[in-house]
Amino acid sequence: MATWSAPGKIFLFGEHAVVYGKPGIAMAIKPRVFVTVRKSRVAHHAKSPYIDSCFDMMGVRGSVYVNSQLASSSGLGSSAAVTVATLSAINDEFGKKHRPEEIADMAFAIEKKVQKGRASPTDTTVSTFGGLVLITGTKRRRLPPQNFQLVVGNSLVQHNTARMVEQVASFRQKSPDICNPIIEAIGAISLSAMRHLNDANKLGEYMNMNHALLDALGVGHPQLSRLVLASRAAGAYGAKLTGAGGGGCMIAICPKHLKSRVAGAIEACDARAFSTSIDTEGVRKEKDA
Ligand code: PMV
């Protein structure tokens with residue numbers, strides 16, 4: 001029996017644009033997914049295309065138990081965390097000896113397949129290695145960890161990443177002259193933000209711009225915008241949706257002393273809020289229960 005855990009993630013900047021090779025910045029956060037794998041002669045179907053694909057890719061059969069601290073389908077990268085933790089637990093339980101880089105690549109291939117060919121390696125990279133990461137195409141660069149004061153708001157509106165990614169793809173196909181400049185501008189924001197990582201005020205401004213551009217891409221949701229506006233009114237430097245959009249979560253960057261006020265403002269809009277910080281550790285082995 002082997003138990004491994006992997007962290008969730010938030011996109012600080014650049015979701016959707018990363019699917020088209022533009023830069024994005026993502027960060028591993030504290031809630032984790034725990035996966036236990038045990039050898040078994042019988043194939044157990046996990047009802048999750050991600051988990052089934054992990055067993056298929058590793059060419060083994062086993063049973064699996066998932067314990068997640070992350071809300072699923074909310075933009076916090078739970079599917080990537082499940083995939084990375086499952087692959088790592090299989091790797092350990094069956095003595096496969098794959099390196100973390102290989103685990104990240106396999107997890108990306110699985111996400112891409114389940115998301116019908118359109119995915120960036122962001123979630124799987126962050127979940128495997130932890131920390132703060134700049135993603136450009138298939139290149140990943142670790143950035144120095146930052147102590148951002150962040151509040152996550154979950155709109156409690158479920159979304160479907162594959163559907164949102166497809167929606168942007170069809171907008172891009174129908175109106176490339178409008179869609180491509182939006183994607184370019186989002187990429188430019190990620191690059192500018194990278195030069196101001198220690199200036200929370202400036203990052204807040206960039207988050208506000210990024211949120212407006214995501215709305216323009218068509219991946220906003222009235223409830224997400226409500227939470228974003230409530231956070232700003234409560235004193236956040238800035239706020240934006242995080243992940244695929246159409247529901248799911250938003251993030252707000254705040255002065256430390258206003259974090260609980262911002263969280264309260266989000267909860268007053270019939271949503272859930274929690275404050276979070278960076279998890280510098282990626283996938284790791286846990287003690288077997
Ligand atoms: O909602 P999430 O956590 O699955 O994030 C999706 C982010 C996208 O950029 C829209 C897709 C991707 O694969 O990067």
Side-chain angles (χ1 to χ4, degrees), residues 6-29 31-33 48-50 53 68-85 104-128 133-140 150 152-172 179 182-187 189-190 210-211 213-221 223-224 240-251 276 279:
K9 70 96 208 13
I10 51 172
F11 259 100
L12 292 164
F13 300 98
E15 49 274 90
H16 288 287
V18 290
V19 176
Y20 301 97
K22 305 295 168 210
I25 303 176
M27 186 179 101
I29 55 167
R32 283 185 166 249
V33 172
S48 151
Y50 295 98
S53 302
S68 181
Q69 301 171 337
L70 279 168
S72 65
S73 304
S74 65
L76 299 179
S78 71
S79 60
V82 165
T83 308
V84 167
D105 289 345
M106 280 189 256
F108 175 44
I110 290 171
E111 281 239 309
K112 206 163 168 173
K113 189 184 84 185
V114 178
Q115 287 177 206
K116 299 197 182 108
R118 290 190 200 95
S120 77
T122 313
D123 290 24
T124 43
T125 297
V126 171
S127 219
T128 307
V133 183
L134 173 79
I135 299 282
T136 314
T138 51
K139 286 200 210 96
R140 41 196 181 218
L150 292 168
V152 178
N154 186 344
S155 67
L156 305 178
V157 177
Q158 289 230 333
H159 73 170
N160 178 316
T161 299
R163 200 177 312 136
M164 299 316 292
V165 169
E166 238 173 280
Q167 198 178 299
V168 173
S170 98
F171 174 30
R172 191 164 167 263
C179 190
I182 299 174
I183 289 173
E184 284 290 339
I186 293 177
I189 290 176
S190 299
N210 196 160
H211 183 75
L213 290 167
L214 286 165
D215 251 343
L217 268 190
V219 299
H221 186 279
Q223 181 64 350
L224 284 172
K240 64 181 273 292
L241 72 83
T242 188
C249 290
M250 47 72 66
I251 50 169
T276 194
D279 192 337

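Atoms within a ligand are numbered from 1 in the order they appear, just like the ligands themselves. Quick caveat, the model's predicted, so the values are computed rather than measured.
Heavy-atom contacts of H159 reach the following atoms of ligand 1: 1 (O) (cutoff under 4.0 Å). Short contacts between ligand 1 and H16, defined as distances under 4.0 Å to a heavy atom of the residue, involve ligand atoms 8 (C), 9 (O), 10 (C). The distance from ligand 1 to the heavy atoms of V19 drops below 4.0 Å at these ligand atoms: 9 (O), 11 (C), 12 (C). Near G243, meaning under 4.0 Å from any of its heavy atoms, are these atoms of ligand 1: 1 (O), 5 (O). The contact set between ligand 1 and V18, taken as ligand atoms under 4.0 Å from a residue heavy atom, comprises 9 (O), 14 (O). Those atoms of ligand 1 with a heavy atom of G75 less than 4.0 angstrom away are 1 (O), 2 (P), 3 (O). Which parts of ligand 1 touch E15 is read off a 4.0 Å heavy-atom cut-off, strictly below it: atoms 9 (O).
Taking a 4.0 Å cut-off on heavy atoms, E111 fails to register as neighbouring ligand 1. For the ligand labelled ligand 1, residue M164 lies outside the 4.0 Å heavy-atom shell. Put simply, part of G77 is less than 4.0 Å from ligand 1, judged by heavy atoms.
When only non-hydrogen protein atoms are considered, atom 3 (O) of ligand 1 lies nearest to K9 NZ, 2.6 Å. At the shortest separation from atom 14 (O) of ligand 1 among protein heavy atoms lies S120 OG, 2.6 Å. For atom 4 (O) of ligand 1, the nearest non-hydrogen atom of the protein is T161 OG1, 2.9 Å. Distance from atom 7 (C) of ligand 1 to its nearest protein heavy atom, with residue and atom name: F11 CE1, 3.6 Å.
Checking side-chain atoms of S190 against main-chain N and O of P23 turns up a donor-acceptor pair under 3.5 Å. Checked by atom type and distance alone, the side chain of H159 pairs as donor or acceptor with a backbone atom of G75 at under 3.5 Å. At least one donor-acceptor pair closer than 3.5 Å links the side chain of T242 to the backbone N or O of F11. Listed for the S155 side chain is no donor-acceptor partner under 3.5 Å among the backbone atoms of C249. Checking side-chain atoms of S127 against main-chain N and O of G8 turns up no donor-acceptor pair under 3.5 Å. Side chain of Q167 to backbone of G218: a donor-acceptor contact under 3.5 angstrom is found. Between the side chain of D123 and the backbone N or O of K9, no donor-acceptor pair lies under 3.5 Å. Using a distance-only test at 3.5 Å, with no hydrogens or angles considered, no donor-acceptor pair links the side chain of E15 to the main chain of A244.
Between A244 and ligand 1, a contact under 3.5 Å exists for at least one N or O pair. Looking at T122 next to ligand 1, no N or O pair under 3.5 Å apart turns up.
Shortest non-hydrogen contact noted between S74 and N154 is CB-ND2, 4.0 Å. The nearest pair of heavy atoms linking V219 to L241 is O-CD2, 3.7 Å.
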